[in-house]
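Scroll down for the structure; my scribbles are underneath it.
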Amino acid sequence: MLQQLFVETKARFFDTLNEEIRNEFRLISKAEALFNIHFPKNAELLAKAQFRLKFEELFYIQLQLLLKNQLRKQKIKGFVFGEIGEYFSGFYKNHLPFDLTGAQKRVIKEIRADLGTGAQMNRLLQGDVGSGKTIVALMSMLIAIDNNFQACLMAPTEILAIQHYQGLVELCEKMELSIYLLTGSSKKAHRRELHEKLENGEIDILIGTHALLEDKVKFHNLGLAIIDEQHRFGVAQRAKLWRKNKIPPHILVMTATPIPRTLAMSLYGDLDISVIDELPPGRKPIRTVHRFDSNRLKVFRFLKEEIDKGRQVYVVYPLIQESEKMDYKDLMDGYESIAREFPDFQISIVHGQMKPEDKDYEMQRFAEGKTEIMVATTVIEVGVNVPNASVMVIESAERFGLSQLHQLRGRVGRGAEQSYCILMTGHKLSNDSKTRLETMTATNDGFQIAEVDLKLRGPGDIMGTQQSGVLNLKIADIVKDNDLLKTARHIAQKVLKEDPKLALEKNKVLRFTYGQLAKHQNIWNYIS
Ligand SMILES: Nc1ncnc2c1ncn2[C@@H]1O[C@H](COP(=O)(O)OP(=O)(O)OP(=O)(O)O)[C@@H](O)[C@H]1O
């Protein structure tokens, strides 16, 4: 009966793509595609139907992304930071602790150009672990300050916020700058002073956690907001930063988890992306090996040798929320066995259930070299910078995702010494686990790893649920239909180049269909 209905109503389906596009790709009509996807006459027609529907789906996503971006650039005015003044130039000439890499210079130029255009910057800065994003962040903030604006830097965890704060204070030591830190544990008196100074414009740079988003935190004139590690912050939170000023501040989102090109393209459309694709000179690639638990004694011997050479070691345990109790036990058992095995060494321990100040105290002891071994859960995953720590042991490595393993590994290899990452597992491993371990031992390149991760996990998982809306594709698959995605994007660009408002008669059907689709979609990518 359904089939009959299709046949009878077929003529009444209007097509959702115009003739020009249909002809260019020899697409079958929408009506025929819908009919054949349900009741394929033969394999060839089924394939044609799938192709047509996939193309359409990807085309409208790209059209939407491109249109929104176009609108954002036209509508949302940004501050013009025309001046490069004493702070930026003085720092560059006198205080830069190393020569910038070519990639760092290029990215700073891209940001500088954005800040001068009069449109609001909305840029994603991607750089592999340890590629030197911090200095880029600082120099961007100095441009804001040169133009009499304030800047802020928001990090996902307290440890990271403190570390950024300490790092930036040190870098800016010889300049007259007022830098403040605000986290969940900031004391009341400190907060009061901070709120006042921030509103008076006496603070140049504010660093902190999501505590920065509280309504009480009011800036005198926030010109640039930098967000470290975007995956942890939801869109709503980022939108809050936008509203800290009448004219939204420029936004720079930094991430050390490279997003595969295909995914970036489908998620961000024309969102501007800068990539630091070069590591500072002199780094030795980390050597990564996979060892079975049965070889633990050998691994311990190796750790001893390295510590005797003056190095420090991380031992990391998984901590997954659902089984927190069990994981906690694993961590404590691990700690005890390490304490037994290494009676002559000092050991730090850090995990999510500790008070922030205790965590910080332990981290600090390790960073200062007072302890040789750091036993931790993944709280140390992002950003922690202890260059003398050159060995990382990851326990139950099969339980971590690829990007997470890569992030963790990025905690070593930050100094001049040869670094090692040892992935420990039992003998029973799933195929996916094997692929993850093999990928880790084969490459240090975050972008390559991200591609494998995308194939293993799918895009929704990688980006987190709140961002996967656009990825709930009905028929196309971002990984498998990568080439088609590129084509669809190219065509959407071509259409908009010729007819930015879709006002031409031949594009009427595109405008109508787009309008129908847009009604049902949120605007998160407006804010990225
Ligand atoms: N051009 C450079 N030359 C030498 N050392 C550099 C350079 N740029 C950065 N560094 C150093 O490299 C280390 C890593 O830099 P940074 O912490 O900025 O990396 P990152 O990109 O933030 O990495 P992660 O995301 O892993 O924290 C720091 O110790 C920093 O001082």
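Reckoned from all heavy atoms, side chains included, excluding hydrogens, waters and symmetry mates. Whatever order the structure lists ligands and atoms in, that order sets their numbers, starting from 1.
By the 6.0 Å and 45° rule, R112 stacks over the aromatic ring of F88.
Aromatic ring centres of Y420 and F302: separated by under 6.0 Å. Not less than 6.0 angstrom separates the ring centroid of Y165 from the ring centroid of Y180. Aromatic ring centroids of F81 and H250 lie under 6.0 Å apart.
The residues D99 and K105 are annotated as not salt-bridged, no charged nitrogen and carboxylate oxygen being separated by less than 4.0 angstrom.
Those atoms of ligand 1 that come under 4.0 Å of a heavy atom in R411, given as number and element, are 26 (O). Every atom of ligand 1 is numbered from 1 in the order shown, and the set under 4.0 Å from a heavy atom of D99 is 1 (N), 2 (C), 3 (N).
Inclusion of I135 in the set of residues having an N or O under 3.5 Å from an N or O of ligand 1 is not warranted. Considering backbone and side-chain N/O atoms, G132 comes within less than 3.5 Å of an N/O atom of ligand 1.
One option in R283, R414, K133 has a heavy atom closer to atom 11 (C) of ligand 1 than any other, and that option is R283. The nearest non-hydrogen atom to atom 16 (P) of ligand 1, considering only T134, D128, T101, comes from T134.
For the residue pair T435 and E438, no side-chain donor N or O sits within less than 3.5 Å of a side-chain acceptor on the partner.
Residue contacts with ligand 1 include S131, since one of its heavy atoms falls under 4.0 Å from the ligand. In this structure, G127 does not count as a contact residue of ligand 1, since none of its heavy atoms falls inside 4.0 Å of the ligand.
The side chain of Q104, and not its backbone, has at least one atom closer than 4.0 Å to an atom of ligand 1 (non-hydrogen atoms only; side chain from C-beta on).
Judged by distance alone, the side chain of E372 and the main-chain N or O of V313 form no donor-acceptor pair under 3.5 Å.
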